[in-house]
Amino acid sequence: MEATRCAPVRLVRRVIDVDGRAVGVAAAGRGVPLVVVHGFGVESLLYAQTLARLVGLGFRVIAIDLPGHGASAGLHPTASLDDFINVVDAAVAKLGIRHAVFMGHSMGGRIIAELAAQNPQRCIAAILLDPIVGQPWDDLCRWLRWFPPAMAVYGAAAAIDVASTLPALVDRGQAIKIGSRARQSITSLITGPWNGLIAGGAVLRSGPSTAALERLRRAKVAAFVVQADHDLLVPQRAAHDAAARLEATFVAVEGAGHSWMVRDPEALPAILEQLLNGRLGVVLEHAGLRGDHVTADVAMLCCIEPESVSDVVDPIDVVLASQRRPPKLKFTVQLNR
């Protein structure tokens with residue numbers, strides 16, 4: 001696919017009706033569907049910079065707002081994690097997505113793991129970014145649930161980690177962009193704090209994540225776990241435990257906190273490009289979605305119902321990998337565990 005850097009890719013945002021519920025969706029690109037689920041307390045467009053760059057790797061990026069986040073309607077006060085999962089699952093079905101690569105960050109990583117475990121035939125590969133899964137995470141979650149004062153310490157760590165996301169001293173321009181995009185998420189939490197409480201309560205009350213990881217491994221779904229080494233919210237041991245249980249390819253991001261893909265929008269595309277040159281590329285080739293004779297449109301139509309494909313950017317807007325800036329963050333891709 002030929003492209004020039006004459007214009008930036010922009011995710012087209014719209015609200016779809018899913019069983020009578022409003023769900024926010026942002027999409028762009030042609031190619032293999034890449035369904036993305038964001039983390040707690042934010043929305044899909046916070047990741048817009050890095051998601052737009054993934055289009056140049058041959059993906060149709062489809063980012064879904066979790067209930068009570070972004071443009072999606074909230075859930076009832078006693079909602080469980082399964083309720084969040086069911087809304088995302090119904091949105092994927094509504095969008096006519098038959099097969100996709102699924103990627104989730106933090107809380108979104110847990111939801112992606114559960115979705116893929118429930119319907120492995122639909123999941124080409126699962127990419128978990130600093131996900132809240134693994135036995136050490138389950139232990140931490142149980143500790144927070146039974147000893148509420150520990151929430152204060154965890155909240156302080158979260159505040160420090162979030163503050164480190166803004167590269168104010170090294171890249172003021174990027175810090176301004178992040179602040180601008182984060183404003184909507186912050187405003188939503190202030191005006192609708194119950195949505196954050198509902199989501200947080202659903203996570204704390206959720207069962208062990210290890211069950212979903214074991215089901216995912218048994219289904220032989222190709223998995224990739226990406227974890228920042230300075231993440232103060234998700235223990236390093238949890239990511240390694242999840243990767244071991246999934247027999248996943250593990251990617252270590254150096255010198256970064258929980259939301260590293262927001263701080264450096266070039267890092268995630270660089271990681272996925274390297275994965276596409278390795279195991280992920282092989283998985284897509286085996287699925288008949290990558291190769292010399294497979295165009296982006298063919299790959300997309302193999303995975304999405306034709307009548308559901310809309311809001312696709314023109315190929316002229318795609319920024320190729322060779323035209324991107326190199327990432328500031330360093331990372332290491334390790335062999336399968």
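Formation of a donor-acceptor pair under 3.5 Å by the T50 side chain with backbone atoms of P265 is found in this model. In this structure, R53 contributes its side chain and Q49 its backbone to a donor-acceptor pair below 3.5 Å. When atom types are taken as modelled, the side chain of Y154 and the backbone of L233 share a donor-acceptor pair closer than 3.5 angstrom. No donor-acceptor pair under 3.5 Å is formed between the side chain of R60 and the backbone N or O of V32. At least one donor-acceptor pair closer than 3.5 Å links the side chain of N277 to the backbone N or O of E273. With hydrogens and angles ignored, the 3.5 Å screen pairs a side-chain donor or acceptor of R21 with a backbone N or O of G74. Checking side-chain atoms of D264 against main-chain N and O of K328 turns up a donor-acceptor pair under 3.5 Å. With hydrogens and angles ignored, the 3.5 Å screen pairs no side-chain donor or acceptor of E43 with any backbone N or O of L66. When atom types are taken as modelled, the side chain of Q227 and the backbone of V234 share a donor-acceptor pair closer than 3.5 angstrom. Between the side chain of R145 and the backbone N or O of L204, at least one donor-acceptor pair lies under 3.5 Å.
Taken from CD1 in I271 to CG in L280, the straight-line distance is 12.5 Å, to the nearest 0.5 Å. Once rounded to the nearest 0.5 Å, the distance linking CG of L34 with CG of L57 reads 9.5 Å. Between the CG atom of L51 and the CZ atom of F59 there is a distance of 11.5 Å, given to the nearest 0.5 Å. Here the straight-line distance linking atom CG of L128 with atom CD1 of I112 works out to 8.0 Å at 0.5 Å rounding. M261 contributes atom CE, which lies 5.0 Å from atom CG of L129 (distance to the nearest 0.5 angstrom). Here CD of E114 is found 10.5 Å from CG of N86. Values are rounded to the nearest 0.5 Å.
Counting only heavy atoms from C-beta outward, the side chains of V203 and R110 never approach each other to under 4.5 Å. Inter-residue side-chain proximity for V251 and Q274 is flagged as unmet; no heavy-atom pair is nearer than 4.5 Å. Inter-residue side-chain proximity for S209 and I132 is flagged as unmet; no heavy-atom pair is nearer than 4.5 Å. With contacts defined as side-chain heavy-atom distances shorter than 4.5 Å, the pair V61/M103 does not qualify. Side-chain contact check for I62 versus I304: some heavy-atom pair is nearer than 4.5 Å.
A side-chain donor from one of Q135 and D139 sits under 3.5 Å from a side-chain acceptor of the other. For W137 and D241, the side-chain atoms include no donor-acceptor pair closer than 3.5 Å.
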Stepwise salt bridge (Lys or Arg N to Asp or Glu O under 4.0 Å) test for E305 and R98 = CA-CA 7 Å; E305 299 291 346; R98 298 190 299 261; 3.2 Å; yes

Check the pair F84 / I198 against side chain to side chain contact (heavy atoms under 4.5 Å, CB included), numbers first and verdict last.
-> CA-CA 10 Å; F84 284 83; I198 291 170; 4.1 Å; yes

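Tracing side-chain contacts under 4.5 Å through hydrophobic residues (I, L, V, M, F, W, Y), one reaches L329 starting from L46; they form part of the same cluster. Connection of L272 to V294 is not established within any shared hydrophobic cluster, with ILVMFWY side chains joined at heavy-atom distances below 4.5 Å, either directly or through further cluster members. By the rule that hydrophobic residues join a cluster once side-chain heavy atoms approach within less than 4.5 Å of another member, V298 and I97 end up as members of separate clusters.
Using bins of under 30°, 30° to 60° and over 60° for the plane-to-plane angle, the ring pair F40/H69 lands in the perpendicular bin. H105 and H258 have tilted rings, their planes meeting at an angle from 30° to 60° on a 0 to 90° scale.
A pairwise comparison of heavy atoms in D65 and A71 identifies OD2-N, 3.0 Å as the closest pair. A pairwise comparison of heavy atoms in P131 and G109 identifies CB-CA, 4.0 Å as the closest pair. Of all the heavy atoms in V35 and A100, the pair that sits closest is CG2-CB, 3.9 Å.
Partner of W260 under the side-chain hydrogen bond (donor to acceptor under 3.5 Å, both in side chains) criterion, chosen from D229, D231, D130: D130.
Around the CG atom of D19, the shell of radius 6.0 Å holds no more than 12 heavy atoms that belong to other residues, nucleotides or ligands.
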